[in-house]
Amino acid sequence: MRIVCLAGGIGGARFLRGLKAACAASEEPAEITVIGNTGDDITLFGLRVCPDLDTVMYTLGGGINEDQGWGRTDETFTVKDELAAYGMEPQWFGLGDRDVATHIVRTQMLAAGYPLSQVTEALCARWQPGVRLLPMSDDRTETHVVVDDGQGRRAIHFQEWWVRLRASLPAEQIALVGADEASPAPGVLEAVREADFVILPPSNPVVSIGTILQIPGIRSALCEKTVVGVSPIIGGAPVRGMADACLSAIGVETSAQAVLELYGSDLIDGWLVAEEDKAVSLYGVTVEARPLLMDSPEATRDLAAAALTLARTLTS
């Protein structure tokens with residue numbers, strides 16, 4: 001079985017862990033390729049930080065802070081505190097000491113001329129996530145958000161809006177800067193073409209899955225495959241995070257129906273929703289209701305197994 005998954009951060013990473021468990025429980029060997037969102041990437045203190053790639057890598061490699069769902073386990077923040085003592089900005093984004101090592105390695109390799117895809121492969125050689133992790137593009141793209149803070153409209157980096165402001169200022173526009181000139185990273189389109197099917201985990205449909213789909217060539221390649229998506233919305237509310245703030249910014253209702261329509265029937269063949277959303281429908285899409293809360297390893301594995309089963313059924 002060759003499976004391709006698109007993934008953002010916490011929700012995507014946890015689903016992938018369940019997917020690995022579901023594949024291990026089946027009798028058919030599986031190769032999983034993960035195309036990771038890099039729109040959240042940011043440069044801080046001279047270091048290139050790739051939050052979603054790292055969250056997938058740490059989660060599947062056994063180094064994630066399980067309580068937070070991001071960052072390293074047993075983390076300390078001496079470097080952060082020392083930077084604050086010097087008055088260095090920004091202070092709203094805390095890099096842990098263990099995490100800093102990853103960013104130093106990445107930044108040095110990028111400065112030496114290695115593309116992000118090769119850097120990610122090198123980092124994964126330590127963590128052994130059990131999947132092939134590819135950035136959506138080697139080209140630099142960053143998500144920016146247009147807000148009005150009362151003193152005028154301005155564009156800020158997505159991380160500032162998400163982490164510092166907690167999306168408290170309504171987003172007037174969300175844009176992936178650099179997307180038009182970007183190309184899929186090496187191996188991305190090949191993995192999609194060779195996949196038996198594609199799964200979209202319950203990641204943010206605007207700033208995680210949505211950014212990946214904006215890289216020229218990726219969406220059209222996916223439309224040629226069987227694609228099963230897992231709704232990130234349960235009963236009109238995000239499973240976790242602030243996806244509702246992102247959906248509002250692009251004029252989309254926070255519902256499983258609206259997210260399905262946002263993706264479109266040209267992309268989605270199967271859609272898993274919560275029981276309370278079982279009335280969702282879209283012509284050409286098979287909709288099934290399943291428990292969507294990933295509140296235990298077993299529940300997460302069962303959700304991933306349901307996506308696998310639906311994908312196999314639609315592919316056969």
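- Annotation for Tyr114: atom OH does not count as buried by contact number, only 12 or fewer foreign heavy atoms lying within 6.0 Å.
- Partner of Thr38 under the side-chain contact (heavy atoms from CB on, under 4.5 Å) criterion, out of Ile212, Asp52, Leu53: Leu53 alone.
- Checked by atom type and distance alone, the side chain of Asp97 pairs as donor or acceptor with a backbone atom of Thr78 at under 3.5 Å.
- A salt bridge does not link Glu298 with Arg301: every distance from a Lys NZ or Arg NE/NH1/NH2 to an Asp or Glu carboxylate oxygen is 4.0 Å or more.
- Under the 4.5 Å side-chain criterion, counting only non-hydrogen atoms from C-beta, Met57 is in contact with Thr102.
- Here CG of Asp41 is found 9.0 Å from OG1 of Thr143. Values are rounded to the nearest 0.5 Å.
- The shortest non-hydrogen separation linking Ile42 to Gln159 is CD1-CB, 4.0 Å.
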Trace of the salt bridge (Lys or Arg N to Asp or Glu O under 4.0 Å) decision for Arg154 with Asp148 = CA-CA 6 Å; Arg154 62 189 179 100; Asp148 190 335; over 6 Å; no
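- The nearest pair of heavy atoms linking Ser183 to Asp139 is N-OD2, 2.8 Å.
- Between atom CD of residue Glu261 and atom OG of residue Ser281 there is a gap of 8.5 Å, rounded to the nearest 0.5 Å.
- Pairing each heavy atom of Leu262 with each of Leu247, the nearest pair is CD2-CD2, 4.2 Å.
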Apply the test side chain to side chain contact (heavy atoms under 4.5 Å, CB included) to residues Cys5 and Val198: give CA-CA distance (whole Å), side-chain angles for both, the deciding distance (0.1 Å), then the verdict.
-> CA-CA 6 Å; Cys5 288; Val198 177; over 6 Å; no
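- When side chains are defined from C-beta on, Glu142 counts as touching His157, because their heavy atoms get closer than 4.5 Å.
- Interatomic distance, Leu267 CG to Leu213 CG, rounded to the nearest 0.5 Å: 6.0 Å.
- A donor-acceptor contact shorter than 3.5 Å links the side chain of Asp196 to the backbone of Arg2.
- Between Arg132 and Leu134 the shortest side-chain heavy-atom distance falls below 4.5 Å.
- A chain of hydrophobic side-chain contacts below 4.5 Å, direct or via other Ile, Leu, Val, Met, Phe, Trp or Tyr residues, connects Phe197 to Leu303.
- Each of Val230, Val259, Leu282 was compared with Trp271 under the side-chain contact (heavy atoms from CB on, under 4.5 Å) criterion, and only Val259 meets it.
- Residues Ser26 and Leu308 are not in side-chain contact: their nearest non-hydrogen atoms beyond the backbone lie 4.5 Å or more apart.
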I would like to know whether Lys20 and Arg17 meet side chain to side chain contact (heavy atoms under 4.5 Å, CB included); could you show each step before the answer?
-> CA-CA 5 Å; Lys20 285 179 59 181; Arg17 189 161 56 186; 5.8 Å; no
Please walk me through it: do Arg153 and Glu172 pass side chain to side chain contact (heavy atoms under 4.5 Å, CB included)?
-> CA-CA 9 Å; Arg153 298 173 75 249; Glu172 297 187 5; 2.5 Å; yes
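- Tyr58 carries Arg72 over the face of its six-membered ring, with the cationic atom under 6.0 Å from the centre and within 45° of the normal.
- Under a hydrophobic clustering in which Ile, Leu, Val, Met, Phe, Trp and Tyr are joined whenever their side-chain heavy atoms come within less than 4.5 Å, directly or via other members, Met136 and Leu133 fall into different clusters.
- Panel note: side chain Thr211, backbone Ser208; a donor-acceptor pair is recorded below 3.5 Å.
- No hydrogens or angles considered: a donor-acceptor pair under 3.5 Å links the side chains of Ser255 and Glu253.
- Distance alone, capped at 3.5 Å, places no donor-acceptor pair between the Thr55 side chain and the Gly9 backbone.
- Residues meeting the side chain to side chain contact (heavy atoms under 4.5 Å, CB included) test with Glu121, sequence neighbours left out: none.
- Contact check for Asn204 versus Ile209: no side-chain heavy atoms found under the 4.5 Å cut-off.
- When the side chain to side chain contact (heavy atoms under 4.5 Å, CB included) test is applied to Leu314, the partners found at least two apart in sequence or on another chain are Thr226, Val228, Asp269, Thr286, Leu310.
- Taking every heavy atom of both residues into account, Ala245 and Ala167 meet most closely at CB-CB, 3.9 Å.
- Minimum interatomic distance between Gly18 and Thr300 (heavy atoms only, all atoms of both residues): CA-CG2, 3.7 Å.
- Put simply, the side chain of Asp138 gets close to the backbone of Ser117: a donor and an acceptor are under 3.5 Å apart.
- Using modelled atom types, one finds a donor on one side chain and an acceptor on the other under 3.5 Å when comparing Arg48 with Thr43.
- Residues Ile174 and Phe158 form no side-chain contact, since every pair of their non-hydrogen atoms from C-beta on lies 4.5 Å or further apart.
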Step-by-step side chain to side chain contact (heavy atoms under 4.5 Å, CB included) determination, Glu31 to Ile3 | CA-CA 6 Å; Glu31 296 178 1; Ile3 307 168; over 6 Å; no
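- Listed here is the closest heavy atom pair of Asp266 and Cys223: O-SG, 3.4 Å.
- The main-chain N or O of Ala311 is found under 3.5 Å from a side-chain atom of Thr315 such that the two form a donor-acceptor pair.
- The closest side-chain heavy-atom distance from Leu222 to Leu6 is below 4.5 Å.
- Linking Ile, Leu, Val, Met, Phe, Trp and Tyr whenever their side-chain heavy atoms come within less than 4.5 Å leaves Val131 and Ile35 in two separate clusters.
- The distance from the CD atom of Glu75 to the CD atom of Gln68 is 9.0 Å, given to the nearest 0.5 Å.
- Annotation: side chain of Trp162 is in contact with side chain of Met242 (closest heavy-atom distance under 4.5 Å).
- In this structure, the side chain of Arg106 does not engage the main chain of Val49 through any donor-acceptor pair within 3.5 Å.
- Each of Leu47 and Val119 belongs to its own hydrophobic cluster when Ile, Leu, Val, Met, Phe, Trp and Tyr are linked at side-chain heavy-atom distances under 4.5 angstrom.
- Side chains of Asn65 and Thr73: a donor-acceptor N/O pair is absent below 3.5 angstrom, by distance only.
- We find the CH2-OG1 distance between Trp127 and Thr59 to be 10.0 Å, quoted to the nearest 0.5 Å.
- Leu293 and Ile233 fall into different hydrophobic clusters, where Ile, Leu, Val, Met, Phe, Trp and Tyr residues are linked whenever their side-chain heavy atoms come under 4.5 Å apart, directly or through other members.
- Checking side-chain atoms of Ser168 against main-chain N and O of Leu165 turns up a donor-acceptor pair under 3.5 Å.
- In this structure, CE in Met88 is found 13.5 Å from NZ in Lys80, a value given to the nearest 0.5 Å.
- Between the Asn37 side chain and the Val207 main chain, a donor and an acceptor come within less than 3.5 Å of each other.
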Decide salt bridge (Lys or Arg N to Asp or Glu O under 4.0 Å) for Arg290 and Glu288; before the verdict, give the C-alpha distance in whole Å, the side-chain angles of both, and the deciding distance to 0.1 Å.
-> CA-CA 7 Å; Arg290 294 286 187 276; Glu288 293 186 357; 3.1 Å; yes
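- Formation of a donor-acceptor pair under 3.5 Å by the Lys278 side chain with backbone atoms of Val273 is not found in this model.
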